[in-house]
Each structure stands twice: as structure tokens, then as C-alpha cells.
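Shown next, in C-alpha cells, is the structure this report addresses.
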There are 2 protein chains.
Amino acid sequence: MELLTGVFKALADRNRLRMLAALMRYDELCACQLIELIQVTGATASRHMGVLIASGLVASRKEGRWVYYRLCREKAEYHSLISWIEARLKISPDAEKDAKTLTTIMAFDPEDLCRKQHGESCCPPK
Amino acid sequence: MELLTGVFKALADRNRLRMLAALMRYDELCACQLIELIQVTGATASRHMGVLIASGLVASRKEGRWVYYRLCREKAEYHSLISWIEARLKISPDAEKDAKTLTTIMAFDPEDLCRKQHGESCCPPK
DNA sequence: GGTATATTTAGTTGGTTAGCTAAATATGCA
DNA sequence: TGCATATTTAGCTAACCAACTAAATATACC
């Protein structure tokens with residue numbers, strides 16, 4: 001039962017859900033792209049991704065200085081849960097907005113994203 | 001997206017999940033039966049049920065002095081989520097143990113349960 | 001090796017929440 | 001109406017968690 005609550009705890013945070021939604025649209029995303037989407041510090045994003053990985057929903061792969069994340073679609077036991085979430089997200093205005101933001105982000109070279117995040121303020125005071 | 005995180009927050013608590021599992025087995029349960037199962041005060045159980053109701057997963061019905069809770073199986077949008085949870089619970093030892101406890105509880109007259117809870121210690125120091 | 005860069009870990013702070021007790025709100029019955 | 005009972009609300013405390021900053025750990029390139 002701890003396994004089950006672990007999955008739901010992982011899904012019970014808005015920013016984690018947003019990152020998961022992003023991974024549903026794109027096979028693989030690197031940390032800086034997810035950071036750019038949800039506008040938090042790298043440390044915060046890293047912690048969130050750690051929770052998603054611990055839940056078994058997401059896997060990561062390290063390549064050079066970058067870490068890439070992807071949804072664990074190969075796990076049969078999560079299939080219908082993931083489908084359900086995808087269906088729910090399809091009718092969510094928030095998710096739609098993020099999807100648009102993501103297409104903009106994907107137009108950038110990841111190198112530039114990283115530089116931008118470390119250089120000037122990564123999270124402009126709103 | 002708040003709707004979605006609301007559902008997951010409701011499911012992200014062990015005791016709420018146990019109460020939900022109970023409602024999956026029995027069409028309708030009254031408060032005192034759920035209280036007996038998870039061994040918390042009535043106030044705590046009431047709060048938990050409030051969260052489940054707010055999420056839309058559970059409905060309640062008042063009859064006399066008792067309140068009866070049931071799973072909202074008629075909501076099409078939750079069908080596959082509920083099925084997924086049921087499947088996961090089927091292979092959970094914790095859930096199996098609760099299921100046995102429940103059969104014992106169901107053998108009692110609810111009247112007796114309530115009296116017991118109010119009389120001597122409802123939560124015996126383990 | 002030394003420096004720059006990307007991510008993670010540690011440590012802190014503020015806000016949320018699960019649990020309790022006690023008080024309030026129904027409801028049933030004499 | 002008055003009393004007993006079942007559930008909810010209010011108010012409190014302790015534990016948890018998300019966010020940040022700063023420091024640590026890779027990794028790439030010179």
C-alpha cells in the first residue's frame with residue numbers, strides 16, 4: 001500500500017504533474033527544459049524529478065553533463081493510470097498553456113537554455 | 001489541473017486509501033464502520049471522508065443519526081482510475097488484512113460498534 | 001591538472017496537513 | 001422539551017513538504 005500512496009503522493013503536486021505532462025508529450029526532456037517550463041531553481045526541479053523517479057513513473061539517463069528524463073511507458077502496471085492522466089490533462093486549460101510554452105522551449109537549443117538559467121535571473125520576479 | 005491534483009491528494013493518504021478500499025468492497029458503509037477499520041477518532045475520520053467527498057470520488061447520505069458513504073461508481077470519468085486502484089489493491093497485503101478485518105466488522109451490529117467507540121477507549125494503546 | 005558548467009545534496013524556512021480534544025450541530029426518543 | 005447519541009467543526013500541535021541558497025559532485029574542455 002505504501003507503493004500505491006507513493007505513486008499518488010508523486011502525482012499530488014502541481015509542478016510534478018506539469019513535468020509529467022511534459023514527458024507525455026515529448027519522449028525525452030533534459031533537466032534544463034523542465035526547469036524552464038515550471039520556473040523553479042534547478043535544485044527544486046531535481047528534487048521533484050527524484051520523487052517521480054522513486055514512484056517508478058519516470059526514469060533518467062545521464063549523458064555528459066546533461067540528464068534526460070522520460071516516462072516509463074514500458075511498465076504494464078502503469079499503462080491505464082497513465083492513459084487516464086493523459087485523458088484528464090487533455091481537457092485542462094493549464095496543461096494546454098504549458099503545452100504551448102513547451103513548443104517554444106523546444107525551439108531553443110538546450111545549451112542556450114542552460115546558459116540563460118545560470119546567467120540572468122532564472123525566475124524573474126513576477 | 002487543480003481538480004486533478006485534488007484527486008491525487010485525496011488518494012495520497014494511507015488511511016483515506018484504506019477507507020476507499022473498504023468502499024470498493026461494500027456498496028455502502030456507515031461512519032462507525034470506517035472508524036472501526038482505521039482506528040482513529042470520529043473527528044479524524046470525518047475529515048478524511050470530507051477530503052474524499054471533495055475530490056468527487058465518494059458521496060455521502062444521511063439517514064437518521066448515521067451517515068453512509070459510498071464510492072461514486074456512476075462517474076464515467078473515474079471508471080478506469082477506480083479500476084486501476086482496485087487492481088493494485090488486490091495484490092497488496094495491507095489491503096488483504098483490512099479486508100479480513102472488515103468482514104469481522106460487518107458481523108457486528110453498527111449500533112454496537114458506535115456504543116463501543118463512545119464507551120471504552122476507541123483506540124486501544126497497541 | 002584547472003576551470004567552467006549541469007545537476008544533486010544539505011540545510012533552512014514557511015506553509016500545509018494528519019492527528020488529537022473539546023465544543024457545536026443534528027437527530028431520535030422519552 | 002430535555003437528554004442521549006452520531007457526526008462535524010474549531011482550535012491546537014507535531015510532522016511533513018515545497019521552495020530557496022549555498023555547497024558538493026560530476027563532466028567537458030583547455
Side-chain angles (χ1 to χ4, degrees), chain A residues 2 5-6 8-19 29-36 38-55 58 60-69 109-126, chain B residues 2 5-6 8-19 29-36 38-55 58 60-69 109-126:
Chain A
E2 265 61 34
T5 53
F8 289 132
K9 274 191 188 29
L11 294 169
D13 178 87
R14 181 184 148 84
N15 279 341
R16 279 197 293 270
L17 207 53
R18 293 172 70 199
M19 293 195 282
L29 292 171
C30 86
C32 64
Q33 292 168 322
L34 292 167
I35 289 167
E36 187 66 21
I38 69 166
Q39 295 283 305
V40 292
T41 62
T44 298
S46 172
R47 165 105 49 126
H48 279 312
M49 293 314 291
V51 174
L52 284 171
I53 288 168
S55 80
V58 167
S60 69
R61 170 176 76 84
K62 194 162 191 175
E63 189 175 314
R65 282 170 299 175
W66 285 275
V67 175
Y68 293 91
Y69 300 96
D109 182 353
E111 299 259 7
D112 293 340
L113 278 181
C114 284
R115 237 187 307 283
K116 199 179 78 172
Q117 282 161 12
H118 278 252
E120 69 208 61
S121 75
C122 107
C123 312
K126 54 156 182 275
Chain B
E2 266 61 35
T5 53
F8 288 131
K9 275 193 196 5
L11 294 169
D13 178 87
R14 181 184 148 83
N15 279 342
R16 279 196 294 269
L17 206 53
R18 291 173 70 199
M19 294 195 282
L29 292 171
C30 86
C32 65
Q33 293 168 322
L34 292 168
I35 289 166
E36 188 66 20
I38 68 167
Q39 296 282 305
V40 292
T41 63
T44 299
S46 171
R47 166 109 48 124
H48 279 312
M49 293 315 290
V51 173
L52 284 171
I53 288 168
S55 80
V58 166
S60 68
R61 170 177 77 84
K62 193 162 193 175
E63 189 176 314
R65 281 170 300 175
W66 285 275
V67 176
Y68 293 92
Y69 300 97
D109 182 353
E111 298 260 6
D112 294 339
L113 277 182
C114 284
R115 237 187 307 284
K116 199 179 78 172
Q117 283 160 13
H118 278 251
E120 70 208 59
S121 74
C122 108
C123 312
K126 53 152 182 278

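First the proteins, then the strands, lettered A, B, ... as listed; each starts at 1.
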Quick one: label B:A43 by what it contacts on the DNA or RNA (base, sugar-phosphate, nothing), any heavy atom closer than 4.0 Å.
base
Student check: side-chain heavy atoms of A:E111 and A:W66 closer than 4.5 Å
yes
Take atom CZ of B:F8 and atom C1' of C:dT16, then tell me their distance rounded to the nearest Å.
20 Å
Do any side-chain atoms of residues 10-19 of chain A form donor-acceptor pairs under 3.5 angstrom with protein atoms, and if so which ones, sequence neighbours left out?
from  : atom 1 : to    : atom 2 : distance (Å)
A:D13 : OD2    : A:N15 : N      : 3.0
A:D13 : OD2    : A:R16 : N      : 3.1
A:R14 : NH1    : A:D94 : OD2    : 3.0
A:N15 : OD1    : A:R18 : NH1    : 3.2
A:R16 : NE     : A:A10 : O      : 2.8
A:R16 : NH1    : A:H48 : ND1    : 3.0
A:R16 : NH2    : A:K9  : O      : 3.1
A:R18 : NE     : A:D98 : OD2    : 2.6
A:R18 : NH2    : A:L37 : O      : 3.4
A:R18 : NH2    : A:D98 : OD1    : 3.0

Please determine, for the side chain of B:R65, which listed nucleotide (D:dT7, D:dA6, D:dC20) has the closest atom?
D:dA6
Between A:S60 and B:E63, just flag the one whose closest nucleotide in DNA chain C comes earlier from the 5' side.
A:S60
Options C:dA18, D:dT7, D:dC20, nucleotide nearest the side-chain atoms of A:V40
D:dC20
What integer distance in Å separates A:H48:NE2 from C:dT9:P?
15 Å
How long is the straight-line distance from SG of A:C32 back to CZ of A:R65, given to the nearest 0.5 Å?
11.0 Å
Rounded to whole angstrom units, what separation is found between the CG atom of A:L113 and the C1' atom of C:dT7?
15 Å
When you get a sec, tell me which of D:dT7, C:dT8, C:dT7 is the closest nucleotide to the side chain of A:C32?
C:dT7
Given the structure, check if the side chain of B:R47 and the base of D:dG11 hold any donor-acceptor pair shorter than 3.5 Å.
yes
Heavy-atom pair of closest approach, residues A:C30 and A:P110
SG-CB, 4.4 Å
Phosphate oxygens OP1/OP2 of D:dA18: is one of them under 4.0 Å from a side-chain N or O of A:T44?
no
Shortest non-hydrogen contact between A:I35 and A:A45, atoms and distance
CG1-CB, 3.6 Å
What's A:Y68 touching, base or sugar-phosphate or nothing? Going by heavy atoms closer than 4.0 Å.
nothing
Here the distance between atom P of D:dC29 and atom CD of A:E111, to the nearest Å, is 9 Å
A:T41 side chain near D:dC20 phosphate (N/O to OP1/OP2, under 4.0 Å)
yes
Could you check whether A:R14 gets within reach of a base, just the sugar-phosphate, or nothing at all, counting any heavy atom under 4.0 Å?
nothing
Take atom NZ of A:K9 and atom P of C:dT17, then tell me their distance rounded to the nearest Å.
12 Å
Just the rounded figure in Å: distance from C1' of C:dA6 to CG of A:L34.
14 Å
Using heavy atoms to find the nearest nucleotide of DNA chain D for A:D13 and A:G64 separately, return the residue whose nucleotide is more 5′.
A:D13
Could you state the atom-to-atom distance from CG of B:L11 to P of C:dT17 in whole Å?
15 Å
Spacing between A:L29 atom CG and C:dT7 atom P, to the nearest angstrom
12 Å
Take N1-N3 plus N6-O4 or O6-N4 for Watson-Crick, N1-O2 plus O6-N3 for G-U, both under 3.5 Å. Which runs of 3 or more such pairs involve DNA chain C?
C:1-30 with D:1-30
